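Notes follow the structure.
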Amino acid sequence: MPDPINTPTSTQSTLQAVRFRGGGFHPRRHPWAALAAFALLIALWEGTSRVGLASPLFLPPPSAVGRALAGMIADGSLWLNLKASLLRIGVGWSLGTLGGLTVGLLMGVASVARAVGVPLVSAFFPIPKIALLPLFILWFGIGEASKFATIGFGVFFPTVIAVYSAIDSVPRNLIRMAQSFGLPWGAILRNILLPGALPGILAGFRITASIALILVVAAEMIGAEYGIGAFVLMAGNLMQTDTLLAGVMVMSALGLTIGALLSLLERRLLVWR
Amino acid sequence: MRLLISDLTHRYDDLTVLDRIDLVLNEGEVLAVIGPSGCGKSTLLGIAGGIVAPSAGRVAVDGPVPDGCLNPITYVFQDFALLPWRSVEENVALVLAHHPLPAADRRARVEEGLRRMGLWEFRQALPKQLSGGMRQRVGIARALAVRPAILLLDEPLSALDAQTRELLMDDFLDLWRREKTTALYVTHNLDEALRLADRVVVLSRRPGRIREIVTIEEPRDRRLAPAAQAHLAEVRARLWHLMKAEAQMADREIARA
């Protein structure tokens, strides 16, 4: 068939190309844009301090923050404080997650547990958990147990909500299919409910990891000798803003690392999506 | 094995969807159920399969369970109901896992089902890597693995394109030619019913009642022959006549609601 546009039979005087209107509204990856934005922000920050637009006491330049961080690594204070925070996050998050998974699962599969659990969770979830730290200190003492309890309590409720919502979101037709083949209850739980709920549970982990990070810092600021929160508070009290910001950078790096680990876990476990 | 449905009524709260259904599905027979949207076809199948509890009436099977049959009444689902996190092979194996079978027998059943459906090469694939037709074949292979006495098929082809529907209808015909499996086949597609069924049950609009049961005299394997076309056209016209008024009234009722 001849080219219908370029043949002499086309009415060239009225010929108009159809304008493309389908662009945009399609997210694309731009990894370099994020790096460039970070580099630009750091350069602006450094420049602002160097030309004297901001006092180095109140906003030290990134180079000073970097030096403070290097000093923390060299004198071992980074690891000492990070180790204390990681232990508190690890134990508190694990306790809260274990409890949350158990209760959330029960509420997901048993109507009675849900009828009892939903009002209780709704009542306790909005309480700012850090407000309970003084109570936990009275109960468990000023040591580690009160911090584990604060983090665990903070992690528990969002985990419960994430787990039972995730179980609700498992397509019912898959359960009916299993029932129609006579699969026993335990097999339905293991083979359908838990794997089907996994995306929602992992999304919940992402939220609870952030909550654990916030709570550990807050708890350490209230009463701890070591830990990133205690370290930042002490640096602030001594007006060592470069050290303070170095501590904040460590928290940010910690948050990013936890997020990256969870992303890795999602990629491994949810390859089927 | 026969399936007997007696004086079956089903309500969702105040809404009656099925009303006093009596039906017998004979051994080796393929019985299609057609009717307008909302007439309770899928509910009828759910009740027959024991996954919906009827408001009134009884469903029973009659006859011995065939040798090797692990799940006498077995479903094939409209939306395939495959576990997306399991491979093709694992999806089929899932329904055998809770039966006390020797491992070799279990493997043989999975392989037999997948080979019969032409899926053996794709056994490691995840459902997301398959076309709609292949996914439904996995659903059928899964059903065959338990060697059912009665197959319940809930609009198994409605989510597929016309070409794939044709191919799967051939698969069903081939299956029924070899296995003589008894089947209750719910569809809204007259052509599927005409091609596959021995008898067609026409349900009225909601509440679904049996309006008529039409027998298709022409043997299934001769229905594509030119000589059969006149008879099939006549049956089709009759079925459409029964369906049309019900479908129009059902549409009007939905619009009013």
Side-chain angles (χ1 to χ4, degrees), chain A residues 26-27 101 104-105 108-112 114-115 162-206 261-273, chain B residues 42-43 45-53 65 69-88 90-100 109 113 124-130 135 138-139 141-148 150-155 159:
Chain A
H26 188 273
L101 280 172
L105 196 62
V109 297
S111 307
V112 176
R114 176 170 301 208
V163 173
Y164 86 72
S165 308
I167 286 179
D168 278 354
S169 71
V170 176
R172 296 295 108 169
N173 68 326
L174 296 183
I175 297 169
R176 296 286 169 265
M177 177 279 293
Q179 289 174 324
S180 79
F181 281 98
L183 264 77
W185 192 90
I188 294 175
L189 181 70
R190 270 194 321 278
N191 294 298
I192 295 170
L193 283 180
L194 288 177
L198 198 57
I201 293 173
L202 289 178
F205 283 2
R206 206 174 270 282
L261 285 174
L262 284 170
S263 297
L264 187 72
L265 199 65
E266 279 177 347
R267 275 201 298 277
R268 287 274 165 89
L269 296 177
L270 306 179
V271 70
W272 49 271
R273 283 208 297 190
Chain B
S42 293
T43 304
L45 212 62
I47 293 169
I51 56 175
V52 176
V65 176
C69 171
L70 299 175
N71 192 48
I73 302 177
T74 295
Y75 250 96
V76 174
F77 292 82
Q78 180 181 3
D79 56 5
F80 326 130
L82 300 179
L83 306 186
W85 49 87
R86 282 179 160 247
S87 68
V88 164
E90 289 167 343
N91 263 285
V92 177
L94 172 78
V95 299
L96 303 173
H98 60 293
H99 293 288
R109 281 173 181 257
Q124 303 293 347
L126 288 170
K128 71 171 182 182
Q129 296 168 304
L130 304 177
R135 285 181 210 179
V138 180
R142 178 177 61 191
L144 295 181
V146 295
R147 298 190 188 145
I150 298 169
L151 265 182
L152 303 179
L153 302 111
D154 187 7
E155 302 197 32

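Throughout, protein chains are lettered first and strands after them, A, B, ... in sequence-line order, and every chain is numbered starting at 1. Worth saying up front: this structure is predicted, and the values here are computed from it rather than measured.
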**Message:** Could you check whether any side-chain heavy atom of A/Asn173 comes within less than 4.5 Å of a side-chain heavy atom of B/Gln78, counting everything from C-beta outward?
**Reply:**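 A/Asn173 does not reach B/Gln78 side chain to side chain.
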**Prompt:** Heavy-atom distance under 4.5 Å between the side chains of B/Tyr75 and A/Arg176, does that happen here?
**Reply:**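 Contact flag for B/Tyr75/A/Arg176 side chains = no.
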Is it the backbone or the side chain of [X] that comes under 4.5 Å from a heavy atom of chain A, or both, or neither?
{"X": "B/Leu152", "value": "neither"}
{"X": "B/Arg86", "value": "side chain"}
{"X": "B/Val146", "value": "side chain"}

**Check: B/Trp85 side chain, A/Leu269 main-chain N or O, donor-acceptor pair, under 3.5 Å** =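 Not a single qualifying donor-acceptor pair exists.
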**Prompt:** Which atoms form the tightest heavy-atom contact between B/Phe77 and A/Met177, and what is the distance?
**Reply:**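 Taking B/Phe77 first and A/Met177 second, the nearest heavy atoms are CZ-CA, 3.4 Å.
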**Request:** Determine the minimum heavy-atom distance between A/Leu174 and B/Pro84, stating which atoms define it.
**Result:** CD1-CD, 4.4 Å
**Item:** Flag if over 12 foreign heavy atoms under 6.0 Å of CZ, A/Arg268
**Value:** no
**Message:** Taking every non-hydrogen pair under 4.5 Å, which of B/Asp79, B/Thr74, B/Val52 racks up the most with chain A?
**Reply:** B/Asp79
**Request:** Would you mind telling me which of B/Ile73, B/Leu70, B/Leu94, B/Leu126 has the largest number of heavy-atom pairs within less than 4.5 Å of chain A?
**Result:** B/Leu94
**Fill in**
Scored by heavy-atom pairs under 4.5 Å with chain B, the best of A/Leu270, A/Leu198, A/Ile192 is A/Ile192
